[in-house]
Number of protein chains: 2
Amino acid sequence: MGATIKDVAALAGVAVSTASYALNGIGRVSPKTRDKVIVAAKQLNYQKNGIASDLKRSKTNTIALLLSDLSGPYYSRLIKGVQEVSLNNGYDLIACSSIGGESSTAVKFIKEKRVDGAIILAHNIPDRTILESAREGFPIVMLDRRLEHESVCYVEADNEKGGILATEHLIEAGHRKIAYVSGPASSKHNKDRYNGFVQAMNKHGLTIEPRWNLIGNFTEEGGYRAVKLMIAQGEIPEAVFFANDEMALGGITALNEAGIVVPDDISVIGFDDIVQARFLTPSLTTVRQPDYEVGALAVHLIFQILKGETVSPQYKLDTELVSRGTVRSPL
Amino acid sequence: MGATIKDVAALAGVAVSTASYALNGIGRVSPKTRDKVIVAAKQLNYQKNGIASDLKRSKTNTIALLLSDLSGPYYSRLIKGVQEVSLNNGYDLIACSSIGGESSTAVKFIKEKRVDGAIILAHNIPDRTILESAREGFPIVMLDRRLEHESVCYVEADNEKGGILATEHLIEAGHRKIAYVSGPASSKHNKDRYNGFVQAMNKHGLTIEPRWNLIGNFTEEGGYRAVKLMIAQGEIPEAVFFANDEMALGGITALNEAGIVVPDDISVIGFDDIVQARFLTPSLTTVRQPDYEVGALAVHLIFQILKGETVSPQYKLDTELVSRGTVRSPL
DNA sequence: CTGTTAGCGCCTTCAC
DNA sequence: GTGAAGGCGCTAACAG
């Protein structure tokens, strides 16, 4: 099959070590020998075997981004952050999915030491597995939950503050009857956002109606169904806070179908600022997470740890309100 | 750092090979010994070094999807196809980007034999590089261009037929003056779509106005500018065929700004059916590529080749018209 | 059923 | 400046 460094050395008439030095541009080789080696390599179309190299150096120079599904949802800005910082540090980045759980590519890569560090945004990898893979000198940054382990840290947007932001925006617009459509109970993000919602409501002396605490599961379909249910109950609230944009998309569809117009009859706010938000009519008011920064910080931490510096176990970044067209103007 | 198989063997009081057999569940080991080994492994929290294993077996059991940028654009359906078929065949899948060209992760992975096969959708990797990496027993499937090499094949949607489909849809709606906003001249996809456009126009005896041959570069910004230019020229056509949806998005923005209403004053059709298309108002009529199938077929071919079967060098899949709201109804 | 052994391909210390 | 040799951790003959 492919030529090995041995073949190159043989063809160039030098020892393997010399070929290695020449190819890797490490001093101690005369220009003449170096050229001979390089010519030989080119002639044989030699490409080093990265695996052998990694094994020898026990270092892969690549970090992995573990996603629950490569085909979506789409963390564009986050990935951009991860990507740019990795590149700037001269590291390679690969993305893989945790579909298949214990036997998934994602798990295989962290367990089998195929990368030097990992960023995890894959709720379906159990804590136990991550803890088993975590080891000294192998940094892991969690993006979807907190985990107690000394070489694992956690970066998140301040979802609670975001929840407060969203809720107060609705309140400032004059709304008092506000519904909340939640994500899965297991989600920390949902929990935090909901806490923010509750805090803001309490602070302004507003009551939370249990029947307006709907469940949407973070999916478009779930948002749609939640709103259908809400409508079926008769009285509709003045505003709805969807714990993420995808649910808002579905919810707005349901509202439209019922002839309830946004934002004249009801205000809507989402969370995340996904790409579609801007293209809706009216465009979706939402809370933007600092995705890029989260991603950038995550890799940054990886490198810090790799360099032996210590980092705090948890980081929290600010969110920002993106005011668009689905919340009626303040009175 | 981590325990190696040697440590496990020592602790279990057996030879390394026995430990290996036991761990990999290959016959020839008594249940008793097997258990001993497994217990020892668990006790040491042993995880095999995948790199060493790959090196030994000279096989990685993973295939790579090379993208020009991990952070977008978003080939959701395509990736889904790739992902599912890979998984079904028991292979791992990783995605990496070709940002950085020759020194990118993508190039490194194919050149250095870090994967068993690759699917390439990364126009910024030069042909030469791919040809250098292509070798017997290393299948490469191209998705963005055709390449002459016996272990490289090509899968595409039938862009030409799609171009015809789009154009005829416009013509059937009664339009005769049709503009075309093209992608970059270097793009094969654009070329094929344009060919389809020309064929359909000719077939129906319609003439293509040079001034309505605009350039949009496949970007939203480009589409916007193309339409601005078109408007500046005075007379506007009855319909515009954007060679992709992103340009249509920008173009529609420009149209709106000029007070030209879609589809009453002008019809618009795109190509690709990106996620946003459905959320526009009116929603975008477009041509859908069989993305999922393209991805699925691509990996499928990889496996065929890996198994030593021969495949044809090129595959073409059908496109489909998605009729929505931006083309006025037929007269 | 279990142990010994020879590499996979490369890097790197150590002598020369 | 160059070469010989050991070994990264694992697998898979081959013996026993």
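To find a chain, count down the sequence lines: A is the first, B the second, and so on, and within it residues start at 1.
- For B:Y74, the ring pair (Phe, Tyr, Trp, His ring centres under 6.0 Å) test picks out A:Y74, with sequence neighbours left out.
- End-to-end axis angle of the helix from C:dC1-D:dG16 to C:dC16-D:dG1, using five pairs per end and rounding to 10°, comes to 40°.
- Checking D:dC8, C:dC8, D:dC10 against the side-chain heavy atoms of A:K56 singles out D:dC8 as nearest.
- Toward the 5' end of DNA chain D, the nearer of the two residues A:P31 and A:S58, judged by each one's closest nucleotide, is A:P31.
- Nucleic acid contact for A:S53: sugar-phosphate only, since backbone atoms but no base atoms lie under 4.0 Å from a heavy atom of the residue.
- Distance from the side chain of A:T18 is smallest to D:dT2 among D:dT2, C:dC10, D:dC8.
- Atom-to-atom, CZ of B:R57 to P of D:dA13 comes out at 12 Å; the value is rounded to the nearest Å.
- Both tests pass for B:R114 against the ring of B:F109: distance under 6.0 Å to the centre and angle within 45° of the axis.
- The interatomic distance linking A:I51 (CD1) with D:dT11 (C1') rounds to 14 Å, in whole Å.
- Of the possible polar contacts, none joining the A:N24 side chain to the A:I26 backbone as a donor-acceptor pair under 3.5 Å is found.
- At distances below 3.5 Å, not a single donor-acceptor pair connects side-chain atoms of B:S58 with backbone N or O atoms of B:D54.
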Can you give the donor-acceptor pairs under 3.5 Å from side chains of residues 297-307 of chain B to other protein atoms, not counting sequence neighbours?
none

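- Regarding A:E112, its CD atom lies at a distance of 16 Å from the C1' atom of D:dC8, rounded to whole Å.
- For C:dC11, one of the phosphate oxygens OP1 or OP2 lies less than 4.0 angstrom from a side-chain nitrogen or oxygen of A:K48.
- Between B:S20 and D:dT11 there is a side-chain N or O to OP1 or OP2 distance below 4.0 Å.
- A:D54 places its CG atom 15 Å from the P atom of D:dC10, with the value rounded to the nearest Å.
- In this structure, B:E102 does not pair ionically with B:K108, as no charged nitrogen and carboxylate oxygen lie closer than 4.0 Å.
- Residue B:T33 places none of its side-chain N or O atoms closer than 4.0 Å to OP1 or OP2 of C:dC1.
- At whole-Å resolution of the value, NZ in A:K59 and P in C:dT12 are 12 Å apart.
- Within a 6.0 Å sphere centred on CD of B:E150, heavy atoms belonging to other residues, nucleotides or ligands number 12 at most.
- Within 4.0 Å of A:N24, counting heavy atoms only, lie sugar-phosphate atoms of the nucleic acid but no base atom.
- To the nearest angstrom, P of D:dG9 lies 16 Å from CG of B:L23.
- Judged purely by atom type and a 3.5 angstrom limit, A:S187 uses its side chain to pair as donor or acceptor with the backbone of A:N190.
- If you check every strand for non-hydrogen atoms under 4.0 Å, A:V14 touches sugar and phosphate atoms only.
- Heavy atoms of A:T4 sit under 4.0 angstrom from primed sugar atoms or phosphate atoms, though from no base atom.
- In this entry the distance linking CD1 of B:I5 with C1' of D:dA12 reads 12 Å, nearest Å.
- Side-chain proximity of A:Y21 to D:dC8, C:dT13, D:dT2: nearest is C:dT13.
- Checked by distance alone, A:S17 brings no side-chain donor or acceptor within 3.5 Å of a matching partner on the base of C:dT13.
- Taking atom CD1 of residue A:I26 and atom P of nucleotide D:dG1, one finds them 14 Å apart after rounding to whole Å.
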